[in-house]
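Just so it is clear: chains get the letters A, B, ... in the order the sequence lines come, proteins before strands, and each one is counted from 1.
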Number of protein chains: 2
Amino acid sequence: MAGRAAVPEVIWARPERAGRGPRPAFTRADIAAAAVGIADEGGLDAVSMRHVAAALGCGTMSLYNYVPRKEDLYELMFDAVSGEHELWEPSGDWRADMMRVARQTRELMHRHPWLPRLMSPVYGFSPNALRYLEHCLACLDPLQDMKYGMKMQLVGLLNGVVTMYVANELSTAERTRNLPWSEEQENAARIAYLGRQVATGAYPRMAAAFTEDPGPIDLDAVFDLALERVLDGFDPSR
Amino acid sequence: MAGRAAVPEVIWARPERAGRGPRPAFTRADIAAAAVGIADEGGLDAVSMRHVAAALGCGTMSLYNYVPRKEDLYELMFDAVSGEHELWEPSGDWRADMMRVARQTRELMHRHPWLPRLMSPVYGFSPNALRYLEHCLACLDPLQDMKYGMKMQLVGLLNGVVTMYVANELSTAERTRNLPWSEEQENAARIAYLGRQVATGAYPRMAAAFTEDPGPIDLDAVFDLALERVLDGFDPSR
DNA sequence: CCTTCACTAAGTACAGCGTACGTAGTTGCC
DNA sequence: GGCAACTACGTACGCTGTACTTAGTGAAGG
């Protein structure tokens with residue numbers, strides 16, 4: 001009988017090292033690093049209990065001594081990359097600080113393209129996620145008249161927008177990872193189909209959008225612009 | 001030899017009914033409806049080729065005559081629920097129209113809680129998705145000086161914010177669907193842990209946020225407010 | 001009309017998944 | 001030293017997507 005936990009439990013609440021028994025062979029950081037490495041390499045779907053265990057050099061079922069469910073492995077991964085956020089002394093310019101946070105989050109997600117899929121408030125309780133949130137709130141200290149509830153909204157909205165933006169940036173790349181053809185082929189096929197549909201005349205505004213001179217397509221600039229718009233909405237001086 | 005397609009191909013580009021051979025037993029709409037029903041009932045993870053085939057009353061492998069890959073089944077599902085968008089004659093007030101679009105999308109996602117997970121621009125080429133996008137652009141006609149590129153940005157950002165908002169609303173509910181305990185138990189465990197962490201004093205602003213009077217917690221009002229903020233950023237009259 | 005052949009339908013099989021369970025070995029505490 | 005708690009891990013089960021094979025159907029061409 002292996003009396004394993006079957007009760008609601010946050011993984012961060014269970015001690016990493018128990019008092020009795022042999023010294024565990026790995027730390028949570030080891031496991032998280034292995035899983036993150038696999039996900040960076042082969043996508044989130046490559047992260048299986050068997051693969052992670054193999055990367056660590058242990059039996060598959062031994063992993064369950066550290067991670068009660070696969071969900072918790074995801075939680076470990078999320079916390080690990082949350083720790084990559086650089087946290088600085090707030091500058092006093094909350095807009096500049098929030099833009100810096102957002103740009104950094106975007107870079108983080110480009111480094112770990114599986115991260116948007118794991119973005120969820122249920123992972124927001126991990127140590128590094130809490131540190132990150134506290135840092136965001138610190139950056140918003142200049143907004144003295146804004147309630148914390150609203151600040152949380154602001155941070156949440158900003159994170160959400162960054163997540164969606166990067167998810168869109170990476171969508172075809174991540175999709176074709178498990179498909180038998182390349183991203184370029186996929187895009188070409190879809191654009192060709194779209195062109196045929198628009199040519200039917202059923203979507204006049206879409207057609208206009210496609211004939212319009214797109215101007216400079218600087219993804220970084222578009223990102224900044226969208227973010228500035230969101231901040232505009234919260235700026236009391238506007 | 002069953003010459004199945006192994007080339008990049010949008011499912012909407014292949015004809016639903018071939019010239020020769022017996023009449024197919026189902027339409028794409030039948031299949032989409034079955035899959036949507038299963039997802040509504042048991043979550044997206046309950047949608048397997050076997051389940052959908054069983055719901056249709058056919059063999060598992062027969063499904064592959066209609067849907068070359070499971071990805072395409074998702075695409076069918078996305079298109080089917082995209083068809084549930086109500087499209088009206090634009091009122092001339094673009095802000096009011098966009099708010100109505102956003103509220104409707106939120107309702108749609110509450111009706112189909114798996115939809116946020118499928119939200120991706122790669123599905124934006126389906127017939128109903130194109131109709132929806134054209135409708136959004138029509139609602140933005142009053143913004144005569146705005147380029148279509150920017151209007152696309154606006155629609156994309158709005159959809160993204162709605163998606164993230166609803167994903168957050170539903171996160172614990174969808175998470176506990178596959179967990180052996182209830183959403184309430186899960187939330188209680190996490191809040192208890194969070195309380196313990198905040199009590200350590202390591203997160204002073206988080207602590208302040210939790211002691212602050214939260215005021216009215218009307219999720220609908222918060223949603224509207226966040227959306228209005230995003231629209232503010234695009235409003236030339238502000 | 002009858003042949004032809006593209007198409008539909010379905011079964012079998014395989015590799016991979018999460019994980020329940022049982023067992024053996026190791027270590028710290030009384 | 002003995003006991004209890006813990007680690008480690010192999011086996012097994014039910015599930016997944018889907019490649020491949022075979023059989024049957026029905027519209028088009030001669």
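- Defined by atom type and a distance below 3.5 Å, a donor-acceptor pair is missing between the side-chain atoms of A:Asn168 and A:Ser171.
- Between B:Glu16 atom CD and C:dC7 atom P the separation is 15 Å, expressed in whole Å.
- Each of D:dT7, D:dG17, C:dA9 was ranked by its minimum atom distance to the side chain of B:Lys70; first place goes to D:dG17.
- The nucleotide whose nearest atom lies closest to any side-chain atom of B:Tyr66 is, among C:dA20, C:dA9, C:dT26, C:dA9.
- Across the protein-nucleic acid pair, A:Glu71 atom CD and C:dC17 atom P stand 17 Å apart, rounded to whole Å.
- Rounded to an integer number of Å, the gap from B:Tyr64 OH to C:dG11 P is 15 Å.
- In this view, B:Phe125 satisfies the ring pair (Phe, Tyr, Trp, His ring centres under 6.0 Å) rule with no residue, not counting sequence neighbours.
- Between A:Ser62 and D:dT7 there is no side-chain polar atom (N or O) within less than 4.0 angstrom of OP1 or OP2.
- By the side chain to side chain donor-acceptor pair (under 3.5 Å) test, B:Tyr123 is found to be paired with B:Glu71, residues two or more places apart in sequence or in another chain being considered.
- Residue A:Gly59 is the one, among A:Gly59 and B:Thr60, whose nearest nucleotide of DNA chain D lies closer to the 5' end (criterion: closest heavy atom).
- Between the side chains of B:Arg131 and B:Asn128, at least one donor-acceptor pair of N or O atoms lies under 3.5 Å.
- Between A:Asn65 atom CG and C:dT23 atom C1' there is a gap of 13 Å when expressed in whole angstrom units.
- The CE atom of A:Met61 sits 16 Å away from the C1' atom of C:dA24 (whole-angstrom rounding).
- Partners of B:Arg196 by salt bridge (charged side-chain N to carboxylate O under 4.0 Å, His left out), not counting sequence neighbours: none found.
- A heavy-atom distance below 4.0 Å to DNA chain C is reached by these residues of residues 32-58 of chain A, ordered by number: A:Val47, A:Ser48, A:Met49, A:Arg50, A:His51.
- One can place CG of B:Asn178 at 11 Å from C1' of C:dG18, the figure rounded to the nearest angstrom.
- Screening residues 36-53 of chain B for salt bridge (Lys or Arg N to Asp or Glu O under 4.0 Å) gives B:Asp45-B:Arg117 as the qualifying pairs, with residues at least two apart or on separate chains.
- B:Arg69 pairs by the salt bridge (charged side-chain N to carboxylate O under 4.0 Å, His left out) definition with B:Asp72, not counting sequence neighbours.
- Residue A:Arg23 contributes atom CZ, which lies 8 Å from atom P of C:dG28 at whole-angstrom precision.
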